[in-house]
Chemist: 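Starting off with a structure, shown below.
In what follows, every chain begins at residue 1, and chains take the letters A, B, ... in the order their sequences are listed.
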Amino acid sequence: MERVYNPKEIEKKWQKIWEEEKAFAASQDFTRPKYYALVEFPYPSGQGLHVGHPRPYTALDIVARKRRMEGYNVLYPMGWDAFGLPTENYAIKNHIHPRIVTQNNVKRFKEQLQTLGYSFDWDREINTTDPNYYHWTQWIFLKLFKAGLAYKAEMPINWCTSCKVGLANEEVVNGRCERCGAEVVRRVKSQWMLRITEYADKLIDGLDTVDYIERVKVSQKNWIGRSHGAEVDFPIKGKQETLRIYTTRPDTLFGVTYMVISPEHPYLTKFSDEIRNLDEIRAYQESASKKSDFERSELAKEKTGVKIDGLTAVNPVNGQEIPIWVSDYVLMSYGTGAIMAVPAHDERDWEFAKKFHMPIIQVVESAKGAVDVNQAAFTDVATGRMVNSGFLTGMEVEKAKEAILNYLEKEGIGTKKTNYKLRDWVFSRQRYWGEPIPIVKCPKCGYVPIPEDQLPLELPDVESYMPTDNGESPLAAMRSWVETTCPCCGGKAERETDTMPQWAGSSWYFIRYTDPDNRQALASKEAMEYWLPVDWYNGGMEHTTLHLLYSRFWHRFLYDQGVVPCAEPYRKRTSHGMILGENGEKMSKSRGNVVNPDDIVNEFGADTLRTYEMFIGAFDLSAAWSQEGVRGCRRFLERVWKLRDLVVDETPGELTADGYSRALETKMHQTIKKVSNDYESLKYNTGIAAMMSLINEFYKAGKVTREEFRTLLILLNPVAPHITEELWESAGYEGRLYQAKWPAWDEAKTVESVLEIAVQINGKVRATIQLPADVSKEDAIAAGKAAVADRLTGTIVKEIYVLGRLVNLVQK
RNA sequence: GCCGGCGUGGCGGAAUGGCAGACGCGGCAGACUCAAAAUCUGUUUAUGGUGACAUAGUAUGGGUUCAAGUCCCAUCGCCGGCACCA
């Protein structure tokens with residue numbers, strides 16, 4: 001064995017051995033307890049692996065390796081989310097088929113991941129672009145279609161001017177494309193949509209049954225945006241029709257001073273004959289339609305609007321006549337596109353009322369004291385009590401809501417209504433490199449699904465992948481593929497030419513890992529019943545309202561269809577923080593602060609990179625890269641390496657003669673406990689710190705017993721698998737380290753035999769004393785008093801002893 | 001604006017309400033070396049003191065408690081998400 005620590009050599013050696021021995025293959029023995037650990041599979045980009053990737057991968061590799069040592073049958077898989085725009089764009093630019101580009105990128109990514117020594121079960125590798133995989137992506141789409149959850153709609157979509165593709169709402173960030181940052185404009189197009197809104201309640205309520213970190217739950221809830229309220233019909237003066245509005249504050253109905261409808265509201269057309277200032281209204285509609293959604297919200301500071309001359313609403317609870325306005329602060333896409341304005345108790349209405357000099361009527365007062373609704377809207381529901389509100393006057397807000405809802409329903413004026421911010425999922429992309437949507441459009445039969453036995457519908461080879469400005473997919477130009485016959489009537493028909501978004505393949509990939517080669521089904525019942533749900537899923541916060549929500553939707557749907565055995569796909573979800581550049585900024589080529597993982601592996605070794613990324617700081621917070629920090633971790637591993645020179649053939653716990661052993665035994669048990677717990681709770685940094693501290697003790701003692709060294713190797717193995725496996729072999733321990741059993745700690749042995757007790761007077765430490773572990777409260781206090789006798793000048797009014805920690809004497 | 005999270009040495013960061021600063025980095029001093037690097041040892045919150053020690057100290061101001069970085073109230077600052085959703 002080498003004298004010096006040479007990671008290049010030993011890392012290759014062990015990676016080869018693990019592969020040959022199939023060390024980390026998940027067993028199909030369904031009688032053993034299972035553990036399914038999952039990390040988000042990467043998009044194999046041309047840039048190769050980023051130093052951000054190893055952070056979550058190492059974290060769950062630690063968990064997976066520990067679980068195997070604890071006797072679980074572990075599934076820790078990896079694959080490729082390989083459909084996507086960058087690949088397609090690269091293919092166009094360099095005239096290479098996207099399939100080839102993908103193959104090359106996957107190869108590079110896989111090599112890079114393999115140099116890091118992850119315990120992935122590579123036999124289960126999957127690729128979303130493999131027809132045997134997307135067969136089942138298409139199959140799920142057909143299920144959705146048949147269940148009425150996939151539909152085609154003519155609607156304004158978010159069109160990225162640079163990618164030349166429609167985007168889902170979730171993919172638009174501040175009016176710009178999430179991917180490329182280019183401006184997003186509205187375009188009307190016929191699109192495939194998925195009715196995720198149908199699942200809004202299930203997606204919110206399901207969150208109560210899973211163990212996700214709080215901020216993930218909160219953002220999903222906010223994104224779905226469920227609110228409870230009422231729809232109320234306001235009669236229009238002199239007409240049969242009523243104006244239906246949505247409100248979450250029906251209790252404030254007596255405070256309505258005007259109404260507002262959205263510029264797109266159909267009544268503006270329907271009642272155009274009645275409207276006397278039609279030109280003005282048309283002009284306003286025109287200017288509103290020119291604004292993008294982004295501009296509309298950007299200009300939120302300044303409200304605009306026009307009063308409709310000729311239409312008047314009537315308040316159904318008190319008969320008061322109310323003017324109707326048009327303003328773009330009311331959105332057609334939420335609620336009914338019309339609101340009742342209560343400026344006294346809504347900030348937006350208040351602002352609008354101030355600008356256009358509308359009356360402000362207070363109908364809620366605060367139990368805490370006077371409020372002046374001419375200065376600001378009063379929106380506090382908790383302390384509110386009704387005034388000026390007819391039969392509601394005197395009630396608390398919550399009571400009043402109930403009372404008015406009952407009244408509205410009884411009188412047939414309104415109904416309870418729940419609304420959501422969530423919109424249906426735009427599922428079409430006008431690009432080549434995605435799963436073809438398995439639908440045929442027949443002039444007689446409409447949209448017809450392709451028979452299941454004809455799946456997968458493979459992507460044809462086309463000559464040009466160039467995106468088109470007219471919004472058609474490149475597939476549309478391939479007539480021989482487009483022209484087909486209707487599966488229903490046999491007549492001439494055309495294929496759908498849009499493809500699925502990148503989120504399709506990743507919405508169910510964790511199911512495929514349980515049975516990746518199945519040709520009859522997306523996975524066998526037995527495999528799904530055994531492996532699902534995923535026990536621990538870690539991924540980026542940026543996927544909270546995209547991938548995570550989409551995949552929960554699909555899974556819940558499959559559960560309702562009886563395909564999968566559980567309602568929620570992931571039992572536990574955690575998130576890692578970003579790794580920033582050395583200057584604390586996000587890593588990017590333009591900032592020149594990118595760190596390449598290959599360079600770190602070459603210079604320091606994979607074990608150092610793994611250790612460093614786990615030691616860098618709290619797992620869920622972002623952390624800046626530090627080359628000096630990397631060096632420190634390498635130094636730690638060097639010290640572990642050299643520790644073998646200090647190994648002595650002695651039994652731990654029996655060497656009290658030199659006074660070192662008992663203390664070390666305690667430290668050992670404390671470390672086993674700390675490391676075991678920290679690996680479970682994402683506190684890798686303190687777990688590693690505990691091991692550093694332990695070996696510092698070994699160095700101080702000048703020796704380490706065979707048993708202690710063995711335990712240390714097991715504890716460190718999940719973090720630094722290669723060096724520990726090598727040391728294990730050279731020290732001659734039995735079998736392979738990866739087959740070893742995770743050590744247990746003895747709680748009794750984690751307690752120090754000699755207690756260091758702080759003695760405080762009035763909370764300030766005045767002395768430190770040593771006492772035997774089994775000291776009584778009385779003796780501890782007496783010893784404490786003795787230690788600070790010269791300072792005890794007053795009367796002691798209280799004596800506190802905190803077991804094993806301190807004595808506090810309170811004197812006057 | 002709303003919702004989350006955070007604020008601790010020169011730096012990354014530790015602390016079930018119980019001795020703040022574990023562990024690492026960097027610095028300083030020493031050992032080894034002709035020398036340097038690497039390695040090892042010691043030291044490292046600030047102020048005062050040769051020293052034991054004393055005093056102050058976890059963004060700011062209050063409060064609860066025998067005891068507060070930790071709990072409560074208010075303020076300031078930073079980061080992330082959502083943003084006219086009635």
Chemist: So, are A:Glu40 and A:Arg55 salt-bridged, with charged N and O less than 4.0 Å apart?
Modeler: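 Answer for the salt bridge query: no.
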Chemist: What nucleic acid atoms does A:Val802 come within less than 4.0 Å of, heavy atoms only: base, sugar-phosphate, or nothing?
Modeler: base
Chemist: Please find the pair of heavy atoms, one from A:Pro718 and one from A:Tyr679, that lie closest to each other, and give the distance.
Modeler: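 For A:Pro718 versus A:Tyr679, the nearest heavy atoms are CG-CE1, 3.9 Å.
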Chemist: In terms of side-chain heavy atoms, does A:Thr608 have a donor or acceptor partner in A:Tyr5 at a distance below 3.5 Å?
Modeler: no
Chemist: Rounding to a whole Å, what distance do you find between A:Gln220:CD and B:rC3:P?
Modeler: 20 Å
Chemist: Scan every strand shown for a Watson-Crick or G-U wobble partner of B:rC82, both distances under 3.5 Å, and answer none if you come up empty.
Modeler: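 For B:rC82, the partner nucleotide comes out as B:rG1, under the 3.5 Å rule.
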Chemist: Using a cut-off of strictly less than 4.0 Å, decide whether A:Lys303 has a side-chain nitrogen or oxygen near OP1 or OP2 of B:rA86.
Modeler: no
Chemist: Taking for each residue the nucleotide of RNA chain B bearing the nearest heavy atom, is the 5' side occupied by A:Leu621 or by A:Arg423?
Modeler: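 Its nearest nucleotide being more 5', the pick is A:Leu621.
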Chemist: Between A:Glu351 and A:Lys354, is there a salt bridge with N-O shorter than 4.0 Å?
Modeler: no
Chemist: Could you give the distance separating B:rU45 and B:rC34 at their C1' atoms, to the nearest angstrom?
Modeler: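 Going atom to atom, C1' in each nucleotide, I get 40 Å.
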Chemist: Closest to the A:Arg805 side chain: B:rA86, B:rC23, B:rU16?
Modeler: B:rU16
Chemist: Partner lookup for B:rU55, please. Criteria are Watson-Crick or G-U wobble with both distances under 3.5 angstrom; report none if nothing qualifies.
Modeler: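 Answer to the pairing question: B:rA46, which forms a Watson-Crick or G-U pair with B:rU55.
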Chemist: State whether the number of non-hydrogen atoms from other residues, nucleotides or ligands found under 6.0 Å of A:Lys217 atom NZ is greater than 12.
Modeler: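 Result for NZ/A:Lys217: enclosed.
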Chemist: Among B:rA86, B:rC19, B:rC23, which nucleotide sits nearest the side chain of A:Leu806?
Modeler: B:rC19
Chemist: If you measure from the Lys or Arg side-chain nitrogens to the Asp or Glu carboxylate oxygens, is any gap between A:Arg631 and A:Glu628 under 4.0 Å?
Modeler: yes
Chemist: Is the terminal nitrogen or CZ of A:Lys303 (NZ for Lys, CZ for Arg) located under 6.0 angstrom from the six-membered ring centre of A:Tyr329 and within 45° of that ring's axis?
Modeler: yes
Chemist: Among B:rA86, B:rG1, B:rC23, which is the nearest nucleotide to the side chain of A:Val330?
Modeler: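 Among the listed nucleotides, the one closest to the side chain of A:Val330 is B:rA86.
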Chemist: B:rA74 pairs with which nucleotide, Watson-Crick or G-U wobble, both distances below 3.5 Å?
Modeler: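 Its partner is B:rU60 (Watson-Crick or G-U wobble, both distances under 3.5 Å).
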Chemist: Let's see if you can work this out: which of B:rA86, B:rC23, B:rA14 has an atom nearest to the side-chain heavy atoms of A:Ala618?
Modeler: B:rA14
Chemist: Base, sugar-phosphate, or nothing for A:Lys683, non-hydrogen atoms under 4.0 angstrom?
Modeler: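 Sugar-phosphate contact only - A:Lys683 comes under 4.0 Å of backbone atoms but never of a base.
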Chemist: Write down the distance separating the C1' atoms in B:rU70 and B:rA20, rounded off to the nearest Å.
Modeler: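 After rounding to an integer number of Å, I get 11 Å for this pair.
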Chemist: In whole angstrom, give the distance that lies between atom CD1 of A:Ile688 and atom C1' of B:rC23.
Modeler: 10 Å
Chemist: Strictly by Watson-Crick or wobble contacts shorter than 3.5 Å, is anything paired with B:rC11, and which nucleotide is it?
Modeler: B:rG24
Chemist: Students often get this wrong, so: under 4.0 angstrom with heavy atoms, is A:Asp349 touching a base, only sugar-phosphate, or nothing?
Modeler: nothing
Chemist: Could you tell me how far B:rC6 sits from B:rC53 if I compare only their C1' atoms? Round to whole Å.
Modeler: 37 Å
Chemist: With syn defined as a glycosidic torsion within 90 degrees of 0 and anti otherwise, which applies to B:rG77?
Modeler: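 This nucleotide is in anti.
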Chemist: Classify A:Ala623 by what it touches in the nucleic acid, base, sugar-phosphate, or nothing, heavy-atom distance under 4.0 Å.
Modeler: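 Here A:Ala623 touches no strand at all.
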Chemist: Are OP1 or OP2 of B:rA54 and a side-chain N or O of A:Arg766 less than 4.0 angstrom apart?
Modeler: yes
Chemist: If you check the A:Glu628 side chain, which of B:rC66, B:rG26, B:rG18 turns out closest?
Modeler: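 Comparing B:rC66, B:rG26, B:rG18 against the side chain of A:Glu628, the answer is B:rG26.
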Chemist: Reckon A:Asn685 touches a base, only the sugar-phosphate, or nothing at all at heavy-atom distances under 4.0 Å?
Modeler: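 Sugar-phosphate, backbone atoms only, no base.
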Chemist: For A:Trp350 and B:rA86, give me the distance from atom CH2 to atom P, rounded to whole Å.
Modeler: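 Going from A:Trp350 (CH2) to B:rA86 (P), I get 20 Å.
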Chemist: Could you let me know what B:rU41 is paired to, Watson-Crick or G-U wobble, both distances under 3.5 Å, or none if it's on its own?
Modeler: B:rA29
Chemist: Using the C1' atoms only, state how far B:rU39 lies from B:rA14, rounded to an integer number of Å.
Modeler: 27 Å
Chemist: From NZ of A:Lys354 over to P of B:rC84, roughly how many Å is that when rounded to an integer?
Modeler: 24 Å
Chemist: For A:Lys764 and B:rU55, give me the distance from atom NZ to atom P, rounded to whole Å.
Modeler: 6 Å
Chemist: Start at the 5' end of RNA chain B and walk down; is the nucleotide closest to A:Cys633 or to A:Val810 reached first?
Modeler: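 It is A:Cys633 whose nearest nucleotide is closer to the 5' end.
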Chemist: Starting at atom CD1 of A:Ile761, determine the distance to atom P of B:rC53, rounded to an integer number of angstrom.
Modeler: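 Checked: the CD1 to P distance equals 15 Å.
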Chemist: Aromatic ring centroids of A:Trp350 and A:Phe378 under 6.0 Å?
Modeler: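 For A:Trp350 and A:Phe378, the ring centres are not under 6.0 Å apart.
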Chemist: Mind listing the closest non-hydrogen atom pair of A:Leu422 and A:Ala200 along with its distance?
Modeler: CD2-CB, 4.3 Å
Chemist: Applying a 4.0 Å non-hydrogen cut-off, can you work out what A:Glu756 is touching in the nucleic acid: base, sugar-phosphate, or nothing?
Modeler: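 Contact class for A:Glu756: base.
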Chemist: Measuring only the P atom in each nucleotide, how far is B:rU8 from B:rA15? A whole number of Å is fine.
Modeler: 15 Å
Chemist: Look at all strands and tell whether A:Ile245 reaches a base, only sugar-phosphate, or nothing, counting heavy atoms closer than 4.0 Å.
Modeler: nothing
Chemist: Can you name the closest pair of heavy atoms from A:Val759 and A:Gly784 and give their distance?
Modeler: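 For A:Val759 versus A:Gly784, the nearest heavy atoms are CG1-O, 3.6 Å.
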Chemist: With a non-hydrogen cut-off below 4.0 angstrom, is A:Ser626 in contact with a base, only sugar-phosphate, or nothing?
Modeler: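 Contact class for A:Ser626: none.
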Chemist: Give me the ring orientation class for A:Trp625 and A:Tyr612: parallel if the planes are under 30° apart, tilted from 30 to 60°, perpendicular past 60°.
Modeler: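 Rings of A:Trp625 and A:Tyr612: perpendicular, as their planes differ by over 60°.
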Chemist: For A:Gly702 and A:Leu646, which heavy atoms make the closest approach, and how far apart are they?
Modeler: O-CD2, 3.7 Å
Chemist: Rounded to whole angstrom, note down the P distance from B:rU64 over to B:rU55.
Modeler: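 Each nucleotide's P atom is 24 Å from the other's.
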Chemist: Could you state the CE-P distance from A:Met259 to B:rA86, rounded to the nearest angstrom?
Modeler: 16 Å
Chemist: Determine the interatomic distance between C1' on B:rG69 and the same-named atom on B:rA22; round to the nearest Å.
Modeler: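 Per the computed distance, 15 Å lies between those C1' atoms.
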Chemist: What is the nucleic acid contact for A:Gly632, judged by heavy atoms within less than 4.0 Å: base, sugar-phosphate only, or nothing?
Modeler: sugar-phosphate
Chemist: Given the side-chain rings of A:Phe352 and A:Tyr258, with only the six-membered ring counted for Trp, is the space between their centroids under 6.0 Å?
Modeler: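 Yes - the distance between ring centres of A:Phe352 and A:Tyr258 falls below the 6.0 Å cut-off.
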Chemist: Would you mind pulling out the nucleotide paired to B:rG69, Watson-Crick or G-U wobble, both distances under 3.5 Å?
Modeler: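 Base-paired to nothing in any strand shown.
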Chemist: Could you check how far NE2 of A:His228 sits from P of B:rA86, rounded to whole Å?
Modeler: 11 Å
Chemist: In the 5'-to-3' direction, what one-character label does each nucleotide of nucleotides 67-82 of chain B receive under the scheme B = base within less than 4.0 Å of a protein heavy atom, S = sugar-phosphate only, - = no such atom?
Modeler: ---------------S
Chemist: Is it the case that the side chain of A:His345 and the backbone of A:Val363 share a donor-acceptor pair, with hydrogens and angles ignored and the cut-off at 3.5 Å?
Modeler: yes
Chemist: Below the 4.0 Å mark, does B:rA86 have OP1 or OP2 next to a side-chain nitrogen or oxygen of A:Tyr334?
Modeler: yes
Chemist: What nucleotide, of B:rC19, B:rG12, B:rA86, holds the atom closest to the side chain of A:Ser227?
Modeler: B:rA86
Chemist: Summarise protein proximity over nucleotides 39-44 of chain B in one line of letters, 5' to 3': B for base, S for sugar-phosphate only, - for none, counting protein heavy atoms closer than 4.0 Å.
Modeler: SS----
Chemist: Would you measure the distance from the P atom in B:rA31 across to the matching atom in B:rC23 and give it in whole Å?
Modeler: 26 Å
